[in-house]
Structures are given as structure tokens and as C-alpha cells.
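Please read the structure below before turning to the comments.
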Amino acid sequence: MIEETGVVAELEATYAWVETERRSSCGGCSVKGCGTGTLAQVLGARRQRVRVENTIGAEVGDTVILGLREDALLRGSLAVYIVPLLAMMAAALFGEALAPQWGGDNTDAWAIALGLLGFGGGLLWLRGFSHRAAGQKRYQAVAVRVSAKAPVSPVNFVKR
């Protein structure tokens, strides 16, 4: 299970909204001045809110550990990066192969046009996959444990 630390920002019925901070893997790297590190500094640390079932009884302001299954991350990464690319390549090859039959001498134009259509189709598939995955428990982060209790009076947090 892949773990991330966050702070409970809000409670909503049986769910908790947990704020996590986007971090680059460059924090522990000894190489300075690489492109990824520079980009991470420019973009800064952005907070993201994640809704998780509050099965651990966390309170507003508590620091919690969130977990995500490795296979969910792997499948999600493949869906985001590989499927649109493969759809684009397959459609481009299809366009190049069938261009002479369609009366086109310029196979590159057909390959580019169908490649772009294939990429768009891959993105449409990804949109549907994202909506399906949002409703499946295996793709959801879970609250694993409370790592630090909140101070007595949390500031800037809301409890509903």
C-alpha cells in the first residue's frame, strides 16, 4: 500500500475530507538544478482534498495516514498514460495502411488525421474510465491510521 500523510480538514457524516500537499520526489535527491526540481519549485506545493471513509475515528485537525493500493495506482497510471498513446498509434497505423484504398497519395496526412482522432478517442475512453473508477472502492484512498492528534482548538477547519 502506498501511503501519504494529510490533515483532516472537515468531517461530513461518515466521511472525512483530508488535505494533502503535493510534493516532488526531489526532496531527497542530492542532484541540484535538474528540470523536475526546478518545475516543482515553480509550481510550488499545492494542497489537494481527498474524501475518505472515516473508519479510524479521526477528528478535525488530526494528522492521518492515507493509503492507496499499488494495483490501483498502476492501473490508473496505465489508463492515463498508455491507453491514449496506444489508441493514437493504432489509429495512425490504420490511417497509413488504408490511405491508398481511400484514394489518398499522402499517407502521412491520413496517418496524422486518424492518429489525432485515435488520441481523442483514447481521451474519451479515459473519461469514462475515470467516472467508473470513481465509484469503485479499489481505486479509493483509505484512512489507515491517525499519526498525530489535533491540538485542542484547530484553526481554519470546519466541522459539519
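For reference, positions follow the sequence shown, starting with 1. All values reported here derive from a predicted model rather than from experimental measurement. Below, all heavy atoms of this structure are taken into account, side chains as well, without hydrogens, waters or symmetry copies.
- Placement of Leu86 and Leu78 within a single hydrophobic cluster is found when ILVMFWY residues are connected by side-chain heavy-atom separations under 4.5 Å, directly or transitively.
- Put simply, Val7 and Val144 are part of two different groups of oily side chains (I, L, V, M, F, W, Y) that touch within less than 4.5 Å, one to the next.
- Ion pair Glu53/Lys137 flagged as a salt bridge, since at least one NZ, NE, NH1 or NH2 atom sits closer than 4.0 Å to an Asp/Glu carboxylate oxygen.
- Around CZ of Arg127, the count of heavy atoms belonging to other residues, nucleotides or ligands within 6.0 Å does not exceed 12.
- For the pairing with Asn54, the side-chain contact (heavy atoms from CB on, under 4.5 Å) check across Thr14, Leu11, Val18 returns one residue only, Leu11.
- In this structure, Leu126 is not a member of the same hydrophobic cluster as Leu124, with clusters built from ILVMFWY side-chain heavy atoms closer than 4.5 Å.
- Leu117 and Val83 fall into different hydrophobic clusters, where Ile, Leu, Val, Met, Phe, Trp and Tyr side chains are chained together by heavy-atom contacts under 4.5 Å.
- Between Glu10 and Glu19, the closest side-chain pair of non-hydrogen atoms is not below 4.5 Å.
- Between Arg75 and Glu70 no salt bridge is recorded (no basic side-chain N to carboxylate O distance below 4.0 Å).
- Leu66 has its side chain out of reach of Val142: every pair of non-hydrogen atoms, C-beta onward, lies at least 4.5 Å apart.
- Within the 3.5 Å criterion, the main-chain N or O of Ala134 finds a donor-acceptor partner in the side chain of Gln140.
- In terms of hydrophobic clustering, with Ile, Leu, Val, Met, Phe, Trp and Tyr side chains grouped at heavy-atom distances under 4.5 Å, Ile65 and Val52 are assigned to different clusters.
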